[in-house]
Structures are given as structure tokens and as C-alpha cells.
Protein chains: 2
Amino acid sequence: MTEQVSRMPADADVTRADSLAREIYAGVANKWALLVINTLEDRTLRFNELRTAVDGISHKMLTQTLRGLERDGVVDRTVYATVPPRVDYRLTEAGRALRDTVNGMCAWTRRYLGEIEAARHRYDTRD
Amino acid sequence: MTEQVSRMPADADVTRADSLAREIYAGVANKWALLVINTLEDRTLRFNELRTAVDGISHKMLTQTLRGLERDGVVDRTVYATVPPRVDYRLTEAGRALRDTVNGMCAWTRRYLGEIEAARHRYDTRD
DNA sequence: CTGCATCCCCGGCGATACTG
DNA sequence: CAGTATCGCCGGGGATGCAG
């Protein structure tokens, strides 16, 4: 009996975990999040330092991206009660682990840059 | 003299390569592209098989994503002149290399699923 | 079955202005 | 300096229909 009633919740948990993973994956798999993670590397940066370093990102998108990463425990946010205020951002342990995989994507881009360019030219001039 | 005239183009090339890398990075760093790459793995799949497997992706987005990946030489597209038509998609060598790094992100999600969930709860119930 | 075009709407994102 | 809120637009992307 216990086996029967416990089966359904177990399956439901698997489904929930899957959809959660999907959601996390989708949240992290976006341009700005990955660029921010890449930029942070091992450094501790302030809001405007990040804003300058990421280049192309707007004030709003940076805030939004940082909130998401902070919520997921990827970046750590430290507020200093000074005036003017100062806020430091750095990667958490989970964030550094993620950064390692993100670096792999960067390496891939560099490694295949030439091939991709060639493939594009072939594709664009086909026929 | 040759050194002087060759300097400017060299710098320009670096800049161009950087922006190209950025563009490729941005193109690949999106939810649907990564999910398609993950789904393809080592298999060869037809359009509708992919459509079903990726779940949540629309007809239009799948077409669009596949075109982009095909153009960048990440996926290989094979058309059979049969009726009804049949089109097979598979990862190229570059695509498989990219998949390896993408798998790293999946592994990361699984590894930190619990921590992320906890971090979210902490964030959402702070104060 | 696969792919392209069209329409249309919702929401992401930039710009701007205002608090602490 | 850092963050929040509001507004407005442009475009991503879903739905649908048609072609090969």
C-alpha cells in the first residue's frame, strides 16, 4: 500500500525537478547572464564596473540579470552602507562552477571561429 | 613601412574577430539553440522528431533555430527527395564539440539543483 | 512531412525620471 | 553610485494558411 501511494508523488517529484531544471537552464542560457558570468570571472566588481565591462548591456538589463543570478545563488551581492553607496558582486561557488562551463563555450567560439565564418559564407552563397 | 601599414589592418581584424565572436556567442547562447543541440546528441533526427523531443518549441522557432545552426555549421541538414519529403538533422563535428560544453551546463544544473532551489527560497522569503 | 509567408499580439528592453 | 518605476516602442515569436 505504501508503495502504491508513494509512487505517484515520486513521479510527480521527478516531473517537477525536470521542469525546474528546464526553467533554470532557460534562465541561465541567455546572452546577458552568460556575459555577466564571464565578466565576473574571479573578480569582485561594482555595478558600474560591470556595466562598463559588459558593454552593450543597459542599466535595466544588468539590474535584472543580476537579480536573477543572485536569486539562483550564482552571484553574491554585498552592500556597503557608505555614501555614496557601494555594492560588490562576485561569483559564488556555484557561480564559479558554472563559469567553468561557460568558459568552455567561449573556448569553442574561439576554436571554431574560422570554420563558422567559412560555413556562413558557404551557406550565404549557396546556389 | 610594411610594418606600419600592416598594423592597422591587424588591429581591425582583432576587433572584427571579437565582434564576430560576440555575435556567434550571442547566437548560440539562447534557450532554443542549446536545447536543440542537447536533444540531437549523437542521434540523427527528423524535423518532427525534434519538434516533439524539444517540447515547448514552436514550428517556427524550430525552423529558425535550425537555420541558424545550419548556417554556422553546427548542424548538418540532409534532404531526401522522397515523397513525403524527409529531412535529417545531425550535429557536425563542431556541433558535437559544442554539445560537450552544453552538456557541462546540464550537468551543472543537475548538480546544483538543490542549492538553487534553496537559494531561491531564501531570496524570496528574505526579511 | 517540411518549409515559407503573413498577420498580430504580447512582452522584452531601452530611455527617462525619481529616491536613498 | 545603485536601484526602482513608468512609459512606449519595436520585434520576437505564436497561429494560421499555403506550397512542394
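Heavy atoms only: backbone and side chains are in, while hydrogens, waters and symmetry mates are out. Proteins get letters first, then strands, A, B, ... in listed order; numbering begins at 1 in each.
The C1' atoms of five pairs define one axis at each end of the helix from dC1(C)-dG20(D) to dG20(C)-dC1(D), and these two axes lie 40° apart (to 10°).
Every residue two or more places apart in sequence or in another chain was checked for a side-chain hydrogen bond (donor to acceptor under 3.5 Å, both in side chains) with N30(B), and none qualifies. Checked against side-chain hydrogen bond (donor to acceptor under 3.5 Å, both in side chains), Q64(A) has no partners two or more places apart in sequence or in another chain. Partners of R96(B) according to the side chain to side chain contact (heavy atoms under 4.5 Å, CB included) rule, which considers only residues two or more places apart in sequence or in another chain, are D42(B), R90(B), L91(B), E93(B), R99(B).
At a non-hydrogen distance threshold of 4.0 Å, nothing from residues 19-37 of chain A comes into contact with DNA chain D. Of the residues in residues 68-86 of chain A, those lying under 4.0 Å from DNA chain D by heavy-atom distance are R77(A), P84(A), P85(A). Of the residues in residues 40-55 of chain A, those lying under 4.0 Å from DNA chain D by heavy-atom distance are R46(A), F47(A), N48(A).
Taking every nucleotide of DNA chain D with any atom under 4.0 Å from a non-hydrogen atom of chain B, the first and last of them, 5' to 3', are dG13(D) to dG20(D).
A 4.5 Å side-chain heavy-atom check between E70(A) and D76(A) finds every atom pair outside the cut-off.
Residue pairs meeting the salt bridge (Lys or Arg N to Asp or Glu O under 4.0 Å) criterion with at least one member in residues 47-61 of chain B, sequence neighbours excluded, are R22(A)-D55(B). Note on residues 17-60 of chain B: pairs passing ring-ring contact (aromatic ring centres under 6.0 Å, His included), not counting sequence neighbours, are F47(B)-H59(B).
Taking each heavy atom of V28(A) and A33(A) in turn, the nearest pair found is O-CB, 3.8 Å.
Atom CD1 of I116(A) sits about 10.0 Å away from atom CD of E23(B), to the nearest 0.5 Å. Put simply, OG1 on T63(A) and CZ on R67(A) are 6.0 Å apart, with the number rounded to the nearest 0.5 Å. Summarising the geometry, atom CG belonging to L62(A) is positioned 7.0 Å from atom OH belonging to Y89(A); distances are rounded to the nearest 0.5 Å. The line from CG of L40(B) to CD1 of I37(B) is 8.0 Å long, rounded to the nearest 0.5 Å. Taken from CZ in R122(A) to CD in E117(A), the straight-line distance is 11.5 Å, to the nearest 0.5 Å. For the atom pair I57(B) CD1 and L66(B) CG, the distance stands at 7.0 Å (nearest 0.5 Å).
Taking 3.5 Å as the limit, the base of dG14(C) and the side chain of H59(A) contain no donor-acceptor pair of atoms between them.
Regarding contacts with the backbone of dC1(C), every side-chain N or O of Y89(B) stays at 4.0 angstrom or more from both OP1 and OP2.
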Quick one: which protein N/O atoms are closer than 3.5 Å to N/O atoms of nucleotides 6-12 of chain C? Pair and distance per line, please.
none

>> Between T101(A) and T101(B), is the side chain to side chain contact (heavy atoms under 4.5 Å, CB included) condition met? List the steps.
In response: CA-CA 6 Å; T101(A) 82; T101(B) 82; over 6 Å; no
What side-chain donor-acceptor pairs closer than 3.5 Å can you find for residues 78-87 of chain B, not counting sequence neighbours?
from, atom 1, to, atom 2, distance (Å)
Y80(B), OH, D88(B), OD2, 3.4
T82(B), OG1, P84(B), O, 2.9
R86(B), NE, D88(B), OD1, 3.4

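Judged by the 6.0 Å distance and 45° axis criteria, R120(B) is not positioned over the aromatic ring of Y123(B).
Formation of a donor-acceptor pair under 3.5 Å by the W108(B) side chain with backbone atoms of L113(B) is not found in this model.
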